[in-house]
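One structure is given below, encoded as C-alpha cells.
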Amino acid sequence: MTAPRRSDTTRAAILEAARERFAADGYERATIRSIARDAGIDPSMVMRYYGNKEGLFAAASEIDLRLPEVGALPATHIGAVLVSHFLDRWEEDDVMTGVLRVGVTNEAGAERMRDVFRAQLGPIAAGVCPDPADAPRRAVLVASQILGMAMARYVLRLPPAVGMTREEVVAWLAPTVQRYLTAREP
C-alpha cells in the first residue's frame, strides 16, 4: 500500500476547510484566503487545484445522497425510509447543511441543490410513482418537504423542529412523502 501523495493530502485539506468555511460563512463571505488559512496552505495552492472560488465550491459541494434502493421495499414504506434516510444524512454530513445555506443565498448553490435532487431523487420518483412522466413534479414535492424540514431543523434551528424526536419527524413527514410519490394524482 502506498502512502497518499502530498497533492492528495493538500486537496483533501482544502476541501475540508472549504466545506467548513462555506457552511459557516456562506458562499459570498467565504474567501479563498480564509479557506487557505484554515487548510494551512498558501492561497495560490487553492487556485492551482480548483481554479477559482466557483470551482472550489463545486468540488466542495459534491453530494451523494446515498439514497436507499426503494424498488424492493413494500410501497407503503417508501416515505418512512426516505425521511429516515434524509434525517441520517443531514445529521451526519455538514456539507449538506452548508450547501443548503449557500443555496438560499447564491445561484451557484441553488443550482448545485437542483442538480443533486434532479439527478438523485428524480430516478426514485420515476421508479415508484404511478406515472413516470409525472416524476419531476413528484420529486420536487418530496424535496419541498425534505428541504423545508432541513431548513427549519438544521439551518434556522427553529425550536419546535429541533425539539421533535426523530420518530416524530418521520411520523409527520413520511405520510406526505409517501403520498407525493405513490398516490394517484388528486
Would you list the atom pairs, donor with acceptor, under 3.5 Å between side chains in residues 119-131 and any protein atom, with sequence neighbours excluded?
| from | atom 1 | to | atom 2 | distance (Å) |
| --- | --- | --- | --- | --- |
| Gln120 | OE1 | Leu65 | N | 2.6 |
| Gln120 | NE2 | Ile63 | O | 2.8 |
| Asp131 | OD1 | Ala133 | N | 3.1 |

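Between Leu141 and Val177, every side-chain heavy-atom pair lies at or beyond the 4.5 Å cut-off. Here the side chains of Val104 and Val155 are not in contact, with every heavy-atom distance at 4.5 Å or above. Within the 4.5 Å cutoff, the side chain of Val83 has no heavy atoms near those of the Met149 side chain. In this structure the side chain of Leu100 never reaches within 4.5 angstrom of the side chain of Tyr154, judged on heavy atoms.
In this structure, Arg101 has no salt bridge (Lys or Arg N to Asp or Glu O under 4.0 Å) partners at least two apart in sequence or on a different chain. Residues passing the side-chain hydrogen bond (donor to acceptor under 3.5 Å, both in side chains) test with Ser144: none are found, sequence neighbours excluded. The side-chain hydrogen bond (donor to acceptor under 3.5 Å, both in side chains) check on Gln178 picks up Thr182, with sequence neighbours excluded. Every residue two or more places apart in sequence or in another chain that forms a ring pair (Phe, Tyr, Trp, His ring centres under 6.0 Å) with Phe57 is listed here: Phe22, Tyr27. For Glu111, the salt bridge (Lys or Arg N to Asp or Glu O under 4.0 Å) test picks out Arg114, Arg118, with sequence neighbours left out. Qualifying side-chain hydrogen bond (donor to acceptor under 3.5 Å, both in side chains) partners for Glu28, counting only residues two or more places apart in sequence or in other chains: Asn106. Applying the side-chain hydrogen bond (donor to acceptor under 3.5 Å, both in side chains) criterion to Thr176, with sequence neighbours excluded, gives no partner residue.
Note that CE of Met113 is 9.5 Å distant from OG of Ser61, once rounded to the nearest 0.5 Å. For the atom pair Ile78 CD1 and His85 NE2, the distance stands at 14.0 Å (nearest 0.5 Å). Of the inter-residue distances, the one linking Leu173 atom CG with Met164 atom CE reads 7.0 Å to the nearest 0.5 angstrom. Separating the CD1 atom in Ile14 from the CG atom in Leu56 is a distance of 7.5 Å, to the nearest 0.5 Å.
Note on Ile146: it clusters hydrophobically with Trp172, by side-chain heavy-atom contacts below 4.5 Å among ILVMFWY residues. Hydrophobic clustering (side-chain heavy atoms under 4.5 Å, transitive across Ile, Leu, Val, Met, Phe, Trp, Tyr) groups Met151 together with Leu158.
More than 12 heavy atoms of other residues, nucleotides or ligands shown are found within 6.0 angstrom of CD on Glu168.
The ring pair (Phe, Tyr, Trp, His ring centres under 6.0 Å) analysis of residues 31-52, with sequence neighbours excluded, yields no pairs. Judged as a salt bridge (charged side-chain N to carboxylate O under 4.0 Å, His left out), the pairs with a partner in residues 36-50 (not counting sequence neighbours) are, in order, Arg21-Asp38. The salt bridge (charged side-chain N to carboxylate O under 4.0 Å, His left out) pairs that include a residue from residues 176-186 are Arg137-Glu185, where partners are two or more places apart or lie in different chains. Judged as a salt bridge (charged side-chain N to carboxylate O under 4.0 Å, His left out), the pairs with a partner in residues 150-161 (not counting sequence neighbours) are, in order, Glu91-Arg153.
Summarising the geometry of Pro43 relative to Arg33, their closest heavy-atom pair is CG-NH1, 4.0 Å, with the distance given to 0.1 Å.
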